[in-house]
Amino acid sequence: MVIVMAPGASDSDIADVVTHIETHGGQAFVSRGVMRTIVGVVGTEEVLETLDAGRLPGVAETMRITAPYKLVSAQNHAKRTTIRVGGVPIGPDTFTLIAGPCAVETAEQTLESARMAKRAGATLLRGGAYKPRTSPYAFQGLGVEGLRILAEVRDVVGLPIVTEVMDAADVEVVTEHADMLQVGTRNMQNFGLLQAVGACGKPVMLKRGLTATYEEWLMAAEYIAQRGNLDIVLCERGVRSFEPAIRNLLDVSAVPMMQRLSHLPVIVDPSHAAGRRDLVVPLARAGIAAGADGVMVDVHPHPEAALCDGAQALFGDALDELARAVSTIPALLGRTSA
Ligand code: E4P
Ligand code: PEP
């Protein structure tokens, strides 16, 4: 069982809940987050039956959920959740396009990319200041300087920003600059990082691990939620396959499956799935048609000179084609543009 405390619950409300659980023979595990405090309860069926925590002051919700992931489970949620990133919704009624450079390289390149993103209909800007690279000799990102550039570009172009954090030690500085923190595929099971972003007070995008099952992905999301942060968006970005012609295999089934298993919004990243520009728009269309709540793509004004993932960055006609897809297909499914 999981007990979610109301945002204004006092220390004595929390202590009363713990006492209630312990006097009934259960064990209480308190997780104090910036946004909410969550109390996990462990006990036998008989113990859980006798608890009546829902009537105690400061308790917002009690949940008895059979799935191993509790707070992110679709059980107990009549409707899927909409989360807001700097005011921009991501959820079941809208469609959100996130676009921007794979990596922040210079102020000019980031600004130009942001303008391309906005012209294509994006309402959120992506861009990596910390880049998870296979090779330690490859461009690793500009770090804090990249965060500053992103924040300046946000002010000029007016798009809230999503950026990756790779290390729990950087969560504070990334939170100061970003509107949403991204945990990438390579860190999906970095549990210390998940707990740190769970306590950061800003929405989090959790990308699927390269070989993660749906349950592993949701258990990772549960680490974030368990620290009191339920503002999580799941991003399907392709999984490892046996086919060398594509970088990763976009798992379109993940969209409806995750929306069935969890109440959280689900988006797709066709750029990191395909790894090649010519497949990005077809895969984006497939993701939208499967019911994705948004799409995230890489754009670059000069992909041939990009310091990271140039082969998958959209520009020119391909970007126009994406703009057409996002302005037409979501509406057919009853979604408005976010
Ligand atoms: C992306 O944004 C990653 O940093 C990128 O996909 C890294 O891949 P690579 O280092 O294998 O090129
Ligand atoms: C990214 O979106 O910049 C990124 C590194 O993606 P992934 O973690 O999916 O590889």
Side-chain angles (χ1 to χ4, degrees), residues 85 90 96-105 109-110 113-114 117 122 124-143 146-147 149-150 161-167 170 174 177-190 193-194 197 203-212 216-217 220-221 224 232-241 244 246-251 254-255 258 266-277 279-280 283-284 287 292 294-300 303-314:
V85 181
I90 308 181
T96 310
L97 177 63
I98 306 171
C102 183
V104 173
E105 299 166 11
Q109 166 258 3
T110 307
S113 303
L124 294 173
L125 173 66
R126 63 144 292 142
Y130 297 90
K131 293 308 302 175
R133 301 307 303 268
T134 304
S135 165
Y137 304 113
F139 177 60
Q140 304 284 312
L142 299 179
L147 295 175
I149 291 174
L150 278 170
I161 52 184
V162 182
T163 195
E164 178 157 357
V165 57
M166 291 167 50
D167 189 323
D170 296 324
V174 177
H177 292 82
D179 300 284
M180 179 183 229
L181 281 70
Q182 174 177 316
V183 174
T185 193
R186 300 170 200 227
N187 272 310
M188 190 206 81
Q189 284 189 320
N190 179 340
L193 178 63
L194 296 173
V197 297
V204 176
M205 179 193 296
L206 178 64
K207 298 189 94 174
R208 182 181 184 181
L210 273 175
T211 59
E216 286 164 345
W217 189 7
I224 302 171
I232 305 165
V233 170
L234 301 167
C235 178
E236 161 59 41
R237 47 79 70 207
V239 290
R240 272 278 161 88
S241 84
I246 49 173
R247 192 177 191 193
N248 295 291
L249 182 67
L250 185 74
D251 176 8
V255 174
M258 295 304 272
V266 181
I267 69 165
V268 297
D269 173 349
S271 303
H272 285 83
R276 41 188 278 184
R277 185 172 309 114
L279 296 186
V280 171
L283 292 184
V295 162
M296 179 162 83
V297 293
D298 290 0
V299 302
H300 198 292
E304 67 294 347
L307 298 180
C308 186
D309 288 350
Q312 68 196 33
L314 295 181

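One-based numbering, in listed order, for ligands and for the atoms of each.
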What closest approach, in Å, do [X] and [Y] show between heavy atoms, and which atom pair accounts for it?
X	Y	result
Thr163	Gly127	OG1-O, 2.6 Å
Arg277	Leu314	CG-CD2, 3.8 Å
Met188	Lys207	CG-O, 3.4 Å
Asn248	Gly238	CB-C, 3.7 Å
Lys131	Cys102	NZ-O, 3.0 Å
Glu236	Leu249	OE2-O, 4.1 Å

Can you report which non-hydrogen protein atom sits closest to atom 6 (O) of ligand 1, along with the distance? Arg247 NH2, 2.7 Å

Heavy-atom nearest neighbour in the protein, as seen from atom 12 (O) of ligand 1, with distance rounded to 0.1 Å: Arg133 NH2, 3.2 Å

Should Arg186 be listed as contacting ligand 1, given a heavy-atom distance under 4.0 Å as the test? yes

Below 4.0 Å from any atom of ligand 1, is there a heavy atom belonging to Met166? no

How long is the span from the CD atom in Glu105 to the OG1 atom in Thr110, to the nearest 0.5 Å? 7.5 Å

Within the 4.0 Å heavy-atom sphere of ligand 2, strictly under, residues: Arg126, Lys131, Pro132, Glu164, Gln182, Gly184, Thr185, Lys207, Arg237, His272

Only heavy atoms of [X], strictly under 4.0 Å: list the atoms of ligand 1 that pass.
X	value
Lys131	1 (C), 2 (O), 4 (O)
Asp309	1 (C), 2 (O), 3 (C), 5 (C), 6 (O)
Pro132	3 (C), 4 (O), 7 (C)
Thr134	9 (P), 10 (O), 11 (O)
Cys102	1 (C), 2 (O)

With no hydrogens and no angle check, do the side chains of Arg247 and Ser271 hold a donor and an acceptor under 3.5 Å apart? no

Looking just at side-chain N and O atoms, do His272 and Asp309 make a donor-acceptor pair shorter than 3.5 Å? yes

For Arg240, does the CZ atom sit with more than 12 other heavy atoms under 6.0 Å from it, leaving out its own atoms? no

